[in-house]
Amino acid sequence: MSILSRGSLEEKLRWTFSLYDINGDGCITREEMTDIVTAVYELMGKFADPNLNQNHEGVRQRVDRMFQKMDGNKDGVVTLSEFLEACNADPQITGGITNLETCF
């Protein structure tokens, strides 16, 4: 909670990366990202995204878009450096992460 509420943008992004990197190997696979996006959807339901459907086709499409944006060398995994670069280049992501400071 301390990192999310008081950490720098880079600390928050590194923490977020570690959340997606379930096995801790330094890379996010499609399977890991799908597991986290699915868990968030199941936890939040239609509040997370009213466009995601019950058969999780929407989850697959979201993961595909995230990989298209983040997997810079198209090797099928997202490294920490690719993740940081993609997130820092996206004002929507940086704005959302920055807004965490006001939530806690």
Side-chain angles (χ1 to χ4, degrees):
M1 290 297 280
S2 178
I3 289 174
L4 290 178
S5 63
R6 295 184 183 91
S8 68
L9 176 61
E10 181 159 341
E11 289 171 324
K12 291 175 187 179
L13 290 174
R14 286 176 178 274
W15 182 89
T16 303
F17 180 86
S18 71
L19 176 73
Y20 281 91
D21 181 16
I22 295 170
N23 67 2
D25 69 352
C27 296
I28 301 170
T29 64
R30 284 182 182 274
E31 182 179 332
E32 288 172 318
M33 190 171 288
T34 299
D35 288 348
I36 296 299
V37 172
T38 299
V40 169
Y41 176 66
E42 289 174 353
L43 180 67
M44 300 293 293
K46 293 292 184 183
F47 294 111
D49 185 341
N51 297 317
L52 292 178
N53 55 33
Q54 293 299 324
N55 67 10
H56 297 287
E57 178 66 19
V59 170
R60 187 189 60 76
Q61 290 172 353
R62 170 152 299 165
V63 170
D64 287 347
R65 283 192 309 271
M66 292 169 78
F67 259 78
Q68 187 174 27
K69 183 181 284 191
M70 293 183 176
D71 185 11
N73 63 2
K74 307 299 182 212
D75 65 350
V77 296
V78 176
T79 63
L80 176 60
S81 62
E82 288 173 324
F83 182 83
L84 292 172
E85 184 177 328
C87 290
N88 280 312
D90 188 324
Q92 189 174 7
I93 293 173
T94 55
I97 296 280
T98 302
N99 286 338
L100 287 173
E101 295 172 5
T102 60
C103 294
F104 297 103

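Numbering of residues begins at 1 and proceeds along the displayed sequence.
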Subject >> Any V78 side-chain heavy atom under 4.5 Å of M66 side chain >> reply: no
Subject >> salt bridge (charged side-chain N to carboxylate O under 4.0 Å, His left out): pairs with one or both residues in residues 15-40, sequence neighbours excluded >> reply: R30-D64
**OP:** Heavy atoms only: give me the nearest I36-L19 pair and the separation to one decimal.
**Re:** CD1-O, 3.7 Å
**OP:** Please list, chain by chain and in numerical order, all residues satisfying ring-ring contact (aromatic ring centres under 6.0 Å, His included) with F17, sequence neighbours excluded.
**Re:** F83
Subject >> Cluster link V37 to L13, ILVMFWY, side chain under 4.5 Å >> reply: yes
**OP:** Verify side-chain contact (heavy atoms from CB on, under 4.5 Å) between L9 and N88, making sure each step is shown before the conclusion.
**Re:** CA-CA 9 Å; L9 176 61; N88 280 312; 3.5 Å; yes
Subject >> salt bridge (charged side-chain N to carboxylate O under 4.0 Å, His left out) partners of residues 69-97, not counting sequence neighbours, each pair once >> reply: K69-D90
Subject >> Minimum side-chain heavy-atom gap N23-T29 below 4.5 Å >> reply: no
Subject >> Partners meeting side chain to side chain donor-acceptor pair (under 3.5 Å) with E10 (sequence neighbours left out) >> reply: R14
Subject >> Minimum heavy-atom distance M70-C87, with the two atoms named >> reply: CE-SG, 3.9 Å
Subject >> Counterpart residues, side chain to side chain donor-acceptor pair (under 3.5 Å), relative to S18 (two or more places apart) >> reply: none
**OP:** Verify the cluster assignment for I22 and V77: are they in a single hydrophobic cluster under the rule of side-chain heavy atoms below 4.5 Å apart?
**Re:** no
**OP:** Could you grab the distance from atom CZ of R65 to atom CZ of R60, nearest 0.5 Å is fine?
**Re:** 10.0 Å
